[in-house]
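Report on one structure; see the data block that follows.
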Amino acid sequence: MARSARLAEGGRIDRSKSVRFKFNGESYQGFKGDTLASALLANDVHLIGRSFKYHRPRGIMTAGSEEPNALVQLGEGARTEPNIRATQIEIFEGLTARSQNCWPSVGFDIGAVNSVLSRYLPAGFYYKTFMWPASLWLTYERFIRKAAGLGQAPTEPDPDRYAQHHAHCDVLIAGGGPAGLAAALAAGRSGARVILADEQNEFGGSLLSDAEAEIDGAPALAWVGAALEELRALPEVTILSRTTVTGYYDHNFLTAVERVTDHLDPDAAPPNTPRQRFWKIRAKQTVLAQGAIERPLVFAENDRPGVMLASAVAAYIQRYGVLPGREIVVFTNNDSAYATARLAARAGARVHLVDAREQPPGPLLAEMAALGVETHLGCGVVGVSGTKAIHGVDIAKLTEDEKGLAGPPLQVSADLIAMSGGWNPTVHLFSQSRGTLRYDETLASFVPDKTPQKARCAGSGNGAMMLAECLREGFEAGAAAARDAGFTVETPESPDAPALLDSPPRQIWTVPTVHPLGQGKRKHFLDHQNDVTAADVHLAAREGYLSVEHLKRYTTTGMGTDQGKTSNINALAILSEIRAADIPSVGTTTFRPPYTPAGFGAMSGQAVKDLFEPERGTPMHPWHLANGAVFEDVGDWKRPRYFPRDGEDMHAAVQRECRQVRETVGIMDASTLGKIDIQGKDSGRLLDLVYTNLFSSLKPGRIRYGLMLNEHGMIFDDGVTTCLGVNHYHMNTTTGGAARVLNWLEEWLQTEYPDWEVYCTSVTEQWAVATLSGPKARDVLLAVAPEMALDSDSFSFMTMREGVVAGIPARVFRVSFTGDLSYEINVPARYGRALWEALMAAGAPYAITPYGTESMHVLRAEKGFIIVGQDTDGSVTPRDMGMDWIVSKKKEDFIGKRSFARPDTAREGRKQLVGLLTEDPTFVLPEGAHLVSAVNPAPPMPMIGHVSSSYMSPNVGRSIALGLVKDGRNLMGRQFQVPLMSGRVETVTITEPVFFDKDGERSRG
Amino acid sequence: MLQITCPWCGPRDAVEFHCHGEAHIARPEKPHEISDAEWGDYIFFRKNPKGVHFERWTHDAGCRRWFNAIRNTVTDAFIATYAPTDPIPEIPTDDQGDA
């Protein structure tokens, strides 16, 4: 058992509540309030995982959501989750986690051979190596994913539930540190609706790790407590802890992930509570108070387990009561890390302080001397001994130009390095809001400048690094945001907080080592998550990737789940040194949402499984289900595709259904056809505008087929329209085109002809439709509608009659899409199933068969009837379809007419609809197959057309097909070749596109 | 997500709307009397400005009505929305929807 690094006292952990958890199969003990990272450090576990590319041993670098290294696979089975930052997981009894990216174990990792081979794995390695042949890329990629990878996705369905919450507020505040709390107080006091969100389990931000901070002469956390108490009493203020504002989108739309029960044992979580809640927030104003992240120093071997940010070491000591090392080297270029040295020394560690500066402030040096801290001024850490743990640190004097060592390195015994390269304001959300950044020379970092959105920044995220400034900026931003949201409020007076020393840093972007960069074994890591080194940036620059955007893609620095939280500025700075340009002119890349990874579960919410997408069923749907229908999706509709009987496959069922319709009678559910009720004195005018043929002359009770074109003259829908009475029409559209056609009519009425009086109403769902089709259709209908005159003189083809069918008031349309005698019987939707069952009973003597969309397709293809969207594709005119007969010569204008005269639309030789018969009558061409005049040994071959519809027709007794062929109508009887994927070449003959009942007698009889 | 103010329903999320491109393109009254070039201009050619743009929108998941909008294509700021039959609003000189 390793030693305990837990301090005897201190921290915000609850020492009365012991928590047991497992890491890599070993059992450990921590306390309630620990993160996985703090509990592992307390147990002296520093080696957490292996790195992405080189599989180098990695430990814990930070104490927050910026962690690039300590990513673990959390949980088991269906609940396992990869790439979770150990620094953010609150431990609970029974938690399990394991290292990822290593095999067979984190201590002995076969992939670490990549580290030895690193000379051959430079920046852009994947681009350089895995380029050609493209066909091998899939093989390469599988290998890379397995070798690199970042954890494993669960393979079982997610057992947890997730919720979504839409919210509107006056002021959204991202970040609950001193600035965010001050902003919430100022805005909340105005009565504004405020949402205050913080990613941590407790509010206070940096103050949680700073036991020495004071506000108005009292401990700062007392001020935090009072602020929270006041905020909780304000009814319009919503306080969300464990909630990360992940994205800032257009028009002040933000998303946040609330981890509701992630800190609890999933088996003991409260019932009826979602695991996570995804917030979609529209905020009138925002205050971004995300704080700042400490900048790592780029020195040799700075990725070893035990190299941490100085502020993280301070956080482990003060917030978690853990001293992560006993011999600590603090390496800094600024004043802030002296606090860490002080805390570590007081906690009992032996401390060396290495300051790159020659002359740090005297008071700090005096304090270090008093604490027994050995200081090394004008020095840097130039090497680290140890791979899975640190056991020594090389310290050397740096030359004035910072490029080399001014003396031989001194090795000191150490097990931890606490580094500080300054502070980067967290500008991620501001950047996502399309905000531009400004370079601050003093901070050597970017700060928010301008945003087109209603956002303000406050606190250290805005570059204000002192506590008093954070509070003042928070109060001002909160009050101003409330005022801009329409509330009246005074800016509260800001409390006092003592200022700390803040003398100028010595910015060394790459700390030299004993050998030139990239020429020895020691690596300077920039982006720990993506394994990008300083040498990689130099290499990329040498190869010409000098733009910051190119650098990012080529080296992958700043990409991945941490979005460059710790690496970005260092990479930019090194690039700017190489280019001998200042950092602002080099520029910066854009931070992308989410701020920290958000699970698909939370984003999907309840929209999974049956609730993923709405489904539409007709009133007859339950009958179809009960009678074994196989369904297909047509838009949102579930339509029966065929009705198999015992042992039938689709082919057998469809052949039987098609034969039965032609022999006696079949019945189809046509309820999904689009139906639009059109009324008003200008209805006929509208129909004449949108259809190619004349409708205003249609008499009540008569039906006409129509084609609709767009202004390009291309077919975009077809259907029949019936005149119900004076200025009253019933329009049928295709099932898929219902919404599109209604919008089309509305577009013309609302935008171009608002003075026309026409009312269009969708009635698709108001009517259930059963279509009887076949020679016995009349007999079946007569049996249930004895009072209707059905003889052809009284009720002729293309007319509509109202009457009573099976005791139900009905509109019966005598139209035909099968080419056989057909009646489309429309009844109010709620009678749909009753009608269907009555027709099935009446049809029994004729062996009536229900048939689905597949048989409908075969039957209509036998007749050469087109399906818009299958035989047309948006580039097909009525003339191309051989449907000149439906284009009015008399009408001066209709939509699309003018385009017929355009040279390309009018030219000869366009693709035209023809029939295609295969040489082998048993062979069914695949739809989409291409016709060529001659088969070459290899592509390309000039293509003259394609197959659009193709079926085995039982009624024609062979396979049939429709296709679009260049100049097809002049090629009747000619033969062409259809080369297929299988290697087979089929010969086809061009024919008329009608295969059955060419005179059309059957539908009129 | 953009927030768009429907002239009839008020501010709503962009998922309820569809954009239909440039506004104020009248259909030629006598299509057969104009040249192919003029007709081609009507059906194919659209402005694609960087900055202030006049567009047609529909509130599909709401009142299903068409309206026009003035949007700055750089900032996505909506300067005005108005009914198809309304006159084109004057754009205030101090509000080009700039950042």
Side-chain angles (χ1 to χ4, degrees), chain A residues 166 168 247-255 280-284 433-436 449-455 593 689 709-714 739-740 742-755 760-762 891-906, chain B residues 1-5 7-8 11-15 17-18 20-44 55-61 63-68 71-78 82-86 95-99:
Chain A
H166 292 258
H168 294 260
Y248 199 134
Y249 303 92
D250 291 300
H251 294 183
N252 267 27
F253 184 77
L254 295 98
T255 55
K280 299 180 180 183
I281 305 165
R282 183 77 70 178
K284 280 189 188 155
S433 83
R434 300 200 217 178
T436 54
D449 190 17
K450 288 197 180 73
T451 172
Q453 306 224 35
K454 293 177 171 60
L689 177 74
L709 312 183
N710 57 26
E711 281 283 35
H712 303 209
M714 306 300 163
R740 195 169 59 230
L742 182 61
N743 289 346
W744 182 243
L745 302 179
E746 288 289 346
E747 176 178 349
W748 292 106
L749 289 171
Q750 292 185 34
T751 67
E752 201 69 35
Y753 305 106
D755 51 325
C760 300
T761 310
S762 167
K891 283 199 290 184
E892 187 174 284
D893 187 23
F894 55 82
I895 291 167
K897 179 176 172 122
R898 174 64 182 80
S899 286
F900 290 163
R902 290 183 60 243
D904 187 65
T905 324
Chain B
M1 186 185 319
L2 301 181
Q3 190 179 49
I4 300 166
T5 302
W8 292 279
R12 295 285 191 277
D13 281 351
V15 287
F17 299 86
H18 272 104
H20 301 270
E22 189 182 344
H24 304 299
I25 298 174
R27 185 169 196 264
E29 287 193 20
K30 305 244 180 238
H32 53 286
E33 288 178 7
I34 63 176
S35 68
D36 281 352
E38 286 168 306
W39 182 251
D41 192 45
Y42 161 65
I43 56 177
F44 292 122
E55 294 172 332
R56 301 194 306 163
W57 287 79
T58 47
H59 191 192
D60 301 85
C63 61
R64 288 185 39 235
R65 294 227 245 176
W66 287 71
F67 62 91
N68 295 326
R71 180 175 67 98
N72 184 313
T73 59
V74 178
T75 62
D76 269 335
F78 281 76
Y82 52 102
T85 48
D86 288 344
D95 182 13
Q96 302 280 312
D98 295 328

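So that the names make sense, note that chain A is the first sequence line, chain B the second, and so on, each numbered from 1. Being a predicted model, the structure only gives us computed values, none of them experimental.
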Parallel, tilted or perpendicular: ring planes of Y42(B) versus W39(B), cut at 30 and 60 degrees
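It falls in the tilted class, 30° to 60°.
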For the student: nearest non-hydrogen atoms of [X] and [Y], plus distance:
X       : Y       : answer
W744(A) : W748(A) : O-CD1, 3.1 Å
L254(A) : Y248(A) : CD2-CD1, 3.4 Å
D60(B)  : F17(B)  : OD1-C, 3.7 Å

Can you tell which part of [X] gets under 4.5 Å to a heavy atom of chain A, answering side chain, backbone, both or neither?
X      : result
A23(B) : neither
W66(B) : both
R56(B) : side chain
F67(B) : neither
I25(B) : backbone
P84(B) : side chain

Nearest 0.5 Å, what's the CZ-CD1 distance between R12(B) and I4(B)?
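Between atom CZ of R12(B) and atom CD1 of I4(B) there are 12.0 Å.
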Distance check, rounded to the nearest 0.5 Å: R740(A) atom CZ versus L745(A) atom CG?
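Nearest 0.5 Å value for the CZ-CG distance: 12.0 Å.
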Relative to chain B, which segment of [X] carries a heavy atom at a distance below 4.5 Å: side chain, backbone, both, or neither?
X       : answer
I895(A) : both
Q750(A) : both
S899(A) : both
N252(A) : neither

For the interface with chain B, which of H712(A), E747(A), R434(A) has the highest count of heavy-atom pairs at distances below 4.5 Å?
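Maximum pair count with chain B is reached by E747(A).
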So which of L742(A), N710(A), T255(A) has the biggest tally of heavy-atom pairs under 4.5 Å with chain B?
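It is L742(A).
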Top contributor to chain A contacts, counting heavy-atom pairs under 4.5 Å, from H18(B), Q3(B), H20(B), H32(B):
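Greatest number of close heavy-atom pairs with chain A: Q3(B).
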Residue selection (most heavy-atom pairs with chain A, distance under 4.5 Å) from T85(B), T58(B), D13(B):
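Most pairs with chain A among the choices: D13(B).
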Can any side-chain N or O of [X] pair as donor or acceptor with the backbone N or O of [Y] at less than 3.5 Å?
X       : Y       : value
T436(A) : K450(A) : yes
H251(A) : D76(B)  : yes
R898(A) : I34(B)  : yes

